[in-house]
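Down below is the structure, laid out as structure tokens.
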Amino acid sequence: MNLFRLFGDLSHLASIIILLQKIRSTRSCRGISFKTQALYATVFITRYLDLFYDWVSLYNFTMKVFFIASSCYILYLMRYKYRPTHDPSIDTFRVEYLLGPSAVLALLFHYRFTVPEVFWSFSIFLEAVAILPQLFMLQRTGEAETITTHYLAALGAYRALYIPNWIYRYFTEDMVDPIAVTAGIVQTALYLDFFYVYFTKVLQGQKFELPA
Amino acid sequence: SLFAPAKDEL
């Protein structure tokens, strides 16, 4: 464990708490893509299949349980408790375009050809693009509540911090995970546009609005 | 080896 990864994970944790706070405080899941949240639940469930037979550490175990539980809880909130506040007509990204290629890539690139390992690869590729329905929705509506942008910024920071973590591990442990690194770089790149608007507008006290 | 899965990551 190094500080980049620790702060990355804490940023991931913070993003989920911010999202729950957004839903609770506005009593609404307006502006949040159900599709992206469903993809994250899929990512965590398919990645953490090793939860019950591969012990890494208490930290690792606790985080995995938290990510699975919180992603399922968010789906419950969106699907049942705050269902009327979700507008499916603006959440229209075709998730087949993400699920299909991720499955193909997982069949081509994996560390061992076993069910959990192929699912693990699938989850890595899917996580890289799971934010796209959310960013697509943002692009469509052209604006976002400030708290929603904080959620996205914390999620993007988590991904960005994993990059120095990998560089650090390369020098200290002489180790590179090519699947995680490639997918991670793609995933971080997807946030660049968002970060630009976040830094130039939201952090200057303005509303998140995209140029028409 | 240099290339290995980082399974301790989340």
Side-chain angles (χ1 to χ4, degrees), chain A residues 1-2 4-6 8-13 16 43-44 47-51 53-68 109-112 114 116-117 120-121 123-124 127 158-159 161-163 165-166 168-171 173-184, chain B:
Chain A
M1 177 58 81
N2 57 62
F4 298 117
R5 184 144 57 96
L6 178 64
D9 290 343
L10 291 179
S11 185
H12 192 188
L13 219 54
I16 294 168
V43 163
F44 297 134
R47 184 176 308 166
Y48 301 151
L49 291 173
D50 63 358
L51 194 56
Y53 59 84
D54 239 345
W55 181 263
V56 178
S57 63
L58 182 63
Y59 171 84
N60 188 276
F61 179 85
T62 313
M63 293 293 247
K64 284 174 173 172
V65 171
F66 178 80
F67 291 135
I68 293 178
F109 304 100
H110 45 256
Y111 290 112
R112 277 187 304 159
T114 61
E117 286 289 329
W120 180 85
S121 269
S123 82
I124 295 286
E127 187 191 349
Y158 142 64
R159 291 318 309 183
L161 283 163
Y162 259 64
I163 294 176
N165 154 63
W166 290 319
Y168 182 86
R169 293 192 85 171
Y170 169 72
F171 287 111
E173 298 168 42
D174 215 18
M175 195 207 72
V176 175
D177 180 334
I179 295 178
V181 171
T182 313
Chain B
S1 66
L2 177 63
F3 294 119
K7 286 303 180 63
D8 54 337
E9 292 185 355
L10 290 159

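In what follows, every heavy atom counts, from backbone to side chain, and hydrogens, waters and symmetry copies are set aside. Every value quoted in this text rests on a predicted model; they were computed, and no experiment measured them.
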Side chain, backbone, both or neither: which part of D54(A) has a non-hydrogen atom closer than 4.5 Å to chain B?
neither
Let's test your reading of the structure: which of V56(A), D50(A), N60(A) forms the most heavy-atom pairs below 4.5 Å with chain B?
N60(A)
After noting the C-alpha distance and the side-chain angles of M175(A) and Y170(A), does the key distance pass the side chain to side chain contact (heavy atoms under 4.5 Å, CB included) rule?
CA-CA 5 Å; M175(A) 195 207 72; Y170(A) 169 72; over 6 Å; no
Bottom line for D174(A): the part with an atom under 4.5 Å from chain B's heavy atoms is both
Return the set of residues passing salt bridge (Lys or Arg N to Asp or Glu O under 4.0 Å) with R169(A) (not counting sequence neighbours), or none when no residue passes.
E173(A), D8(B), E9(B)
Is chain B contacted by the side chain of F44(A), its backbone, both, or neither, given a heavy-atom distance below 4.5 Å?
neither
Distance check, rounded to the nearest 0.5 Å: F67(A) atom CZ versus D9(A) atom CG?
6.0 Å
Are side-chain heavy atoms of R47(A) and E127(A) found at a separation under 4.5 Å?
yes
